[in-house]
Amino acid sequence: MIADPIQRGIGMTSEKTRQRLVTRLRDKGIRDEAVLEAIAATPRHLFVDEALSSRAYEDTALPIGRGQTISQPYVVALMTAAIHGERPLRKVLEVGTGSGYQAAILARLCDRVFTTERIGELVRTARQRFHRLGLHNILTRHADGLEGWPTQAPFDAIVVTAGGEVPDALLEQLDEGGVLVAPMNDGQGQRLTRVTRTATGFEREDLGPVIFVPLLSGLE
Ligand code: SAH
(Lines give C-alpha, C1' and ligand atoms only; values in the text may rest on other atoms or scores of the structure.)
Protein backbone atom coordinates (compact mmCIF):
# COMPACT_ATOMS: atom_id res chain seq x y z
CA MET A 1 0.00 0.00 0.00
CA ILE A 2 1.59 3.29 -1.10
CA ALA A 3 -0.02 6.16 0.76
CA ASP A 4 2.15 9.05 -0.45
CA PRO A 5 0.66 10.43 -3.69
CA ILE A 6 4.18 11.29 -4.94
CA GLN A 7 4.94 7.59 -4.77
CA ARG A 8 1.64 6.63 -6.35
CA GLY A 9 3.30 7.22 -9.73
CA ILE A 10 3.15 3.61 -10.80
CA GLY A 11 1.24 2.54 -13.91
CA MET A 12 -1.09 5.23 -15.23
CA THR A 13 1.01 8.01 -13.72
CA SER A 14 4.50 6.60 -14.29
CA GLU A 15 7.56 8.18 -15.89
CA LYS A 16 6.80 6.18 -19.04
CA THR A 17 3.26 7.58 -19.26
CA ARG A 18 4.67 11.08 -18.88
CA GLN A 19 7.18 10.44 -21.67
CA ARG A 20 4.33 9.38 -23.95
CA LEU A 21 2.71 12.77 -23.35
CA VAL A 22 6.00 14.49 -24.24
CA THR A 23 6.20 12.49 -27.48
CA ARG A 24 2.64 13.54 -28.33
CA LEU A 25 3.46 17.22 -27.72
CA ARG A 26 6.56 16.91 -29.90
CA ASP A 27 4.42 15.36 -32.66
CA LYS A 28 1.98 18.28 -32.35
CA GLY A 29 4.82 20.71 -33.06
CA ILE A 30 6.30 21.71 -29.68
CA ARG A 31 10.03 22.05 -30.38
CA ASP A 32 11.36 23.83 -27.28
CA GLU A 33 13.31 21.07 -25.49
CA ALA A 34 13.45 22.98 -22.19
CA VAL A 35 9.66 23.22 -22.17
CA LEU A 36 9.32 19.51 -22.99
CA GLU A 37 11.76 18.70 -20.18
CA ALA A 38 9.73 20.78 -17.73
CA ILE A 39 6.60 18.83 -18.76
CA ALA A 40 8.46 15.52 -18.38
CA ALA A 41 9.61 16.54 -14.89
CA THR A 42 6.23 17.74 -13.57
CA PRO A 43 3.80 15.16 -12.15
CA ARG A 44 0.50 16.47 -13.60
CA HIS A 45 -1.46 13.80 -11.71
CA LEU A 46 -0.71 15.68 -8.48
CA PHE A 47 -2.51 18.75 -9.86
CA VAL A 48 -5.89 17.02 -10.29
CA ASP A 49 -8.23 15.19 -7.98
CA GLU A 50 -7.10 11.64 -7.20
CA ALA A 51 -10.15 10.25 -9.03
CA LEU A 52 -8.83 11.82 -12.26
CA SER A 53 -5.17 10.90 -11.85
CA SER A 54 -5.39 8.08 -14.41
CA ARG A 55 -6.33 10.70 -17.03
CA ALA A 56 -3.69 13.24 -16.04
CA TYR A 57 -1.35 12.45 -18.95
CA GLU A 58 -3.99 12.64 -21.64
CA ASP A 59 -3.62 15.79 -23.70
CA THR A 60 -6.89 17.28 -22.47
CA ALA A 61 -8.15 19.91 -20.05
CA LEU A 62 -9.69 18.40 -16.88
CA PRO A 63 -12.03 19.80 -14.23
CA ILE A 64 -10.45 21.08 -10.99
CA GLY A 65 -13.65 22.11 -9.20
CA ARG A 66 -15.40 25.49 -8.85
CA GLY A 67 -16.21 25.33 -12.58
CA GLN A 68 -12.52 25.72 -13.50
CA THR A 69 -10.12 23.52 -15.47
CA ILE A 70 -6.45 22.58 -15.59
CA SER A 71 -5.34 23.57 -19.10
CA GLN A 72 -4.59 21.05 -21.84
CA PRO A 73 -0.84 20.14 -21.75
CA TYR A 74 -0.42 21.17 -25.42
CA VAL A 75 -1.74 24.65 -24.63
CA VAL A 76 0.47 24.91 -21.52
CA ALA A 77 3.47 23.95 -23.68
CA LEU A 78 2.47 26.39 -26.43
CA MET A 79 2.05 29.31 -24.00
CA THR A 80 5.29 28.51 -22.19
CA ALA A 81 7.24 28.20 -25.44
CA ALA A 82 5.73 31.53 -26.55
CA ILE A 83 7.46 33.39 -23.71
CA HIS A 84 10.61 31.24 -23.45
CA GLY A 85 13.86 31.71 -25.31
CA GLU A 86 13.56 35.40 -26.20
CA ARG A 87 15.27 36.75 -23.09
CA PRO A 88 16.18 35.56 -19.57
CA LEU A 89 13.02 35.06 -17.53
CA ARG A 90 13.77 36.54 -14.14
CA LYS A 91 10.25 37.49 -13.12
CA VAL A 92 7.09 36.05 -14.65
CA LEU A 93 3.51 36.85 -13.69
CA GLU A 94 0.66 34.38 -14.17
CA VAL A 95 -3.01 35.38 -13.99
CA GLY A 96 -5.16 32.36 -13.05
CA THR A 97 -3.24 29.91 -10.85
CA GLY A 98 -6.04 27.32 -11.01
CA SER A 99 -4.48 23.95 -10.18
CA GLY A 100 -0.96 25.43 -10.16
CA TYR A 101 0.25 23.25 -13.05
CA GLN A 102 1.19 26.05 -15.44
CA ALA A 103 3.00 27.86 -12.60
CA ALA A 104 4.93 24.66 -11.77
CA ILE A 105 6.08 24.40 -15.40
CA LEU A 106 7.08 28.09 -15.41
CA ALA A 107 8.97 27.63 -12.14
CA ARG A 108 11.42 25.31 -13.90
CA LEU A 109 12.21 27.90 -16.59
CA CYS A 110 12.08 31.20 -14.67
CA ASP A 111 13.86 32.58 -11.63
CA ARG A 112 10.63 33.61 -9.91
CA VAL A 113 6.96 33.08 -10.68
CA PHE A 114 4.24 35.35 -9.28
CA THR A 115 0.83 33.78 -9.69
CA THR A 116 -2.60 35.23 -8.87
CA GLU A 117 -5.96 33.49 -8.47
CA ARG A 118 -9.38 34.95 -7.59
CA ILE A 119 -10.79 31.77 -5.94
CA GLY A 120 -9.35 31.36 -2.43
CA GLU A 121 -9.87 27.60 -2.27
CA LEU A 122 -7.80 27.05 -5.43
CA VAL A 123 -5.02 29.29 -4.08
CA ARG A 124 -4.75 27.17 -0.92
CA THR A 125 -4.63 23.85 -2.79
CA ALA A 126 -2.06 25.14 -5.29
CA ARG A 127 0.16 26.44 -2.47
CA GLN A 128 0.15 23.00 -0.82
CA ARG A 129 1.19 21.41 -4.12
CA PHE A 130 4.10 23.86 -4.62
CA HIS A 131 5.25 23.20 -1.06
CA ARG A 132 5.12 19.44 -1.39
CA LEU A 133 6.97 19.49 -4.73
CA GLY A 134 9.64 21.81 -3.30
CA LEU A 135 8.85 24.60 -5.79
CA HIS A 136 9.99 27.47 -3.59
CA ASN A 137 10.31 30.09 -6.33
CA ILE A 138 6.54 30.51 -6.76
CA LEU A 139 4.72 33.29 -4.92
CA THR A 140 0.93 32.96 -4.83
CA ARG A 141 -1.60 35.69 -4.17
CA HIS A 142 -5.36 35.55 -3.69
CA ALA A 143 -6.18 38.57 -5.81
CA ASP A 144 -7.86 39.84 -8.94
CA GLY A 145 -5.10 39.22 -11.47
CA LEU A 146 -6.47 41.87 -13.84
CA GLU A 147 -4.72 44.36 -11.56
CA GLY A 148 -1.45 42.52 -12.07
CA TRP A 149 1.06 42.64 -9.20
CA PRO A 150 2.16 46.27 -9.18
CA THR A 151 4.71 45.95 -6.35
CA GLN A 152 6.63 43.27 -8.29
CA ALA A 153 6.45 44.87 -11.75
CA PRO A 154 8.01 45.08 -14.29
CA PHE A 155 7.84 41.47 -15.51
CA ASP A 156 9.83 39.77 -18.26
CA ALA A 157 6.67 37.90 -19.21
CA ILE A 158 2.99 37.68 -18.27
CA VAL A 159 0.88 34.56 -18.89
CA VAL A 160 -2.91 34.93 -18.68
CA THR A 161 -4.67 31.57 -18.41
CA ALA A 162 -8.29 32.74 -18.67
CA GLY A 163 -9.93 34.35 -21.69
CA GLY A 164 -11.15 37.91 -22.04
CA GLU A 165 -10.15 41.52 -22.22
CA VAL A 166 -6.58 42.21 -21.05
CA PRO A 167 -6.54 45.65 -19.39
CA ASP A 168 -3.85 48.23 -20.22
CA ALA A 169 -2.86 48.22 -16.53
CA LEU A 170 -1.59 44.66 -17.02
CA LEU A 171 0.28 45.42 -20.25
CA GLU A 172 1.92 48.38 -18.50
CA GLN A 173 3.52 45.93 -16.05
CA LEU A 174 5.60 44.39 -18.85
CA ASP A 175 9.24 45.37 -19.07
CA GLU A 176 10.43 46.75 -22.42
CA GLY A 177 11.04 43.71 -24.64
CA GLY A 178 8.78 41.66 -22.38
CA VAL A 179 5.98 39.46 -23.73
CA LEU A 180 2.42 38.70 -22.65
CA VAL A 181 0.47 35.67 -23.85
CA ALA A 182 -3.27 35.53 -23.37
CA PRO A 183 -6.42 34.08 -24.93
CA MET A 184 -8.15 37.15 -26.39
CA ASN A 185 -11.64 37.38 -27.87
CA ASP A 186 -11.85 38.32 -31.54
CA GLY A 187 -15.63 38.39 -31.81
CA GLN A 188 -15.90 34.77 -33.03
CA GLY A 189 -13.89 33.02 -30.35
CA GLN A 190 -10.65 33.09 -28.44
CA ARG A 191 -7.27 33.42 -30.13
CA LEU A 192 -4.02 32.87 -28.28
CA THR A 193 -2.25 36.20 -28.69
CA ARG A 194 1.31 37.25 -27.98
CA VAL A 195 1.93 40.91 -27.22
CA THR A 196 5.50 42.25 -27.15
CA ARG A 197 6.30 45.56 -25.50
CA THR A 198 8.66 47.58 -27.70
CA ALA A 199 10.34 50.93 -27.10
CA THR A 200 7.43 52.65 -28.79
CA GLY A 201 4.36 50.54 -28.04
CA PHE A 202 2.93 47.01 -28.27
CA GLU A 203 3.10 44.46 -31.11
CA ARG A 204 0.54 41.67 -31.42
CA GLU A 205 0.87 38.21 -33.00
CA ASP A 206 -1.79 35.55 -33.43
CA LEU A 207 -0.87 32.03 -32.23
CA GLY A 208 -4.12 30.28 -33.13
CA PRO A 209 -7.54 29.38 -31.70
CA VAL A 210 -7.90 28.25 -28.06
CA ILE A 211 -10.64 27.64 -25.49
CA PHE A 212 -10.21 28.92 -21.94
CA VAL A 213 -12.55 29.59 -19.01
CA PRO A 214 -13.46 33.30 -18.78
CA LEU A 215 -11.47 35.98 -17.00
CA LEU A 216 -13.69 37.35 -14.24
CA SER A 217 -13.19 40.31 -11.95
CA GLY A 218 -13.46 40.36 -8.16
CA LEU A 219 -12.68 37.69 -5.57
CA GLU A 220 -14.37 34.47 -4.46
N1 SAH B 1 -3.19 27.98 -15.10
C2 SAH B 1 -4.22 27.11 -14.59
C3 SAH B 1 -5.48 27.19 -15.45
C4 SAH B 1 -6.65 27.43 -14.59
S5 SAH B 1 -8.14 27.93 -15.39
C6 SAH B 1 -3.72 25.68 -14.46
O7 SAH B 1 -2.61 25.39 -14.92
O8 SAH B 1 -4.40 24.86 -13.85
C9 SAH B 1 -8.07 29.68 -15.18
C10 SAH B 1 -8.10 30.21 -13.76
O11 SAH B 1 -8.15 31.62 -13.85
C12 SAH B 1 -9.29 29.78 -12.92
O13 SAH B 1 -8.86 29.15 -11.77
C14 SAH B 1 -10.00 31.09 -12.59
O15 SAH B 1 -10.54 31.15 -11.29
C16 SAH B 1 -8.86 32.10 -12.72
N17 SAH B 1 -9.24 33.48 -12.98
C18 SAH B 1 -10.24 33.96 -13.79
N19 SAH B 1 -10.25 35.31 -13.75
C20 SAH B 1 -9.24 35.69 -12.91
C21 SAH B 1 -8.77 36.95 -12.43
N22 SAH B 1 -9.31 38.12 -12.82
N23 SAH B 1 -7.73 36.97 -11.56
C24 SAH B 1 -7.16 35.80 -11.15
N25 SAH B 1 -7.58 34.58 -11.54
C26 SAH B 1 -8.60 34.53 -12.41
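In each ligand, atom 1 is the first atom listed, and ligand 1 is the first ligand listed. Just so you know, these numbers come straight off a predicted model, no measurement behind them. The first residue of the sequence shown is numbered 1, and numbering continues consecutively from there.
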*When Ile, Leu, Val, Met, Phe, Trp and Tyr are grouped by side-chain heavy atoms lying under 4.5 Å apart, directly or through other members, which residues fall in the same group as L219?*
none

*Take every heavy atom of R66, measure it against each atom of ligand 1, and state whether any distance is under 4.0 Å.*
no

*Should R124 and E121 count as an ion pair when the cut-off is N to O under 4.0 Å?*
no

_atom 12 (C) of ligand 1 - nearest protein heavy atom and its distance_ = Q68 OE1, 3.2 Å

*Under a heavy-atom criterion of less than 4.0 Å, does G164 contact ligand 1?*
no

*Any ion pair linking E220 and R118 (charged N to carboxylate O, less than 4.0 Å)?*
yes

*Basic-acidic side-chain contact under 4.0 Å: R90, D111*: no

*Find out whether the Lys NZ or Arg CZ of R24 is both under 6.0 angstrom from the six-membered ring centre of Y74 and within 45° of the ring's axis.*
no

*asked:* Counting non-hydrogen protein atoms only, what is the nearest one to atom 22 (N) of ligand 1? Give residue, atom name and distance.
replied: L216 O, 2.6 Å

*Can you tell which of E147, E117, H142 gets a heavy atom nearest to atom 13 (O) of ligand 1?*
E117

*Identity and distance of the protein heavy atom lying nearest atom 4 (C) of ligand 1*: T69 O, 3.1 Å

_Options R141, E220, R118, ranked by nearest heavy atom to atom 25 (N) of ligand 1, top entry_ = R118

_Nitrogen or oxygen atoms of G96 and ligand 1 under 3.5 Å apart_ = yes

*asked:* Any salt bridge linking D175 with K91? Criterion: basic side-chain nitrogen under 4.0 Å from a carboxylate oxygen.
replied: no

_Measuring from non-hydrogen atoms of T97 to any atom of ligand 1, is the shortest distance under 4.0 Å?_
yes

*Does ligand 1 have any atom sitting under 4.0 Å from a heavy atom of P214?*
yes

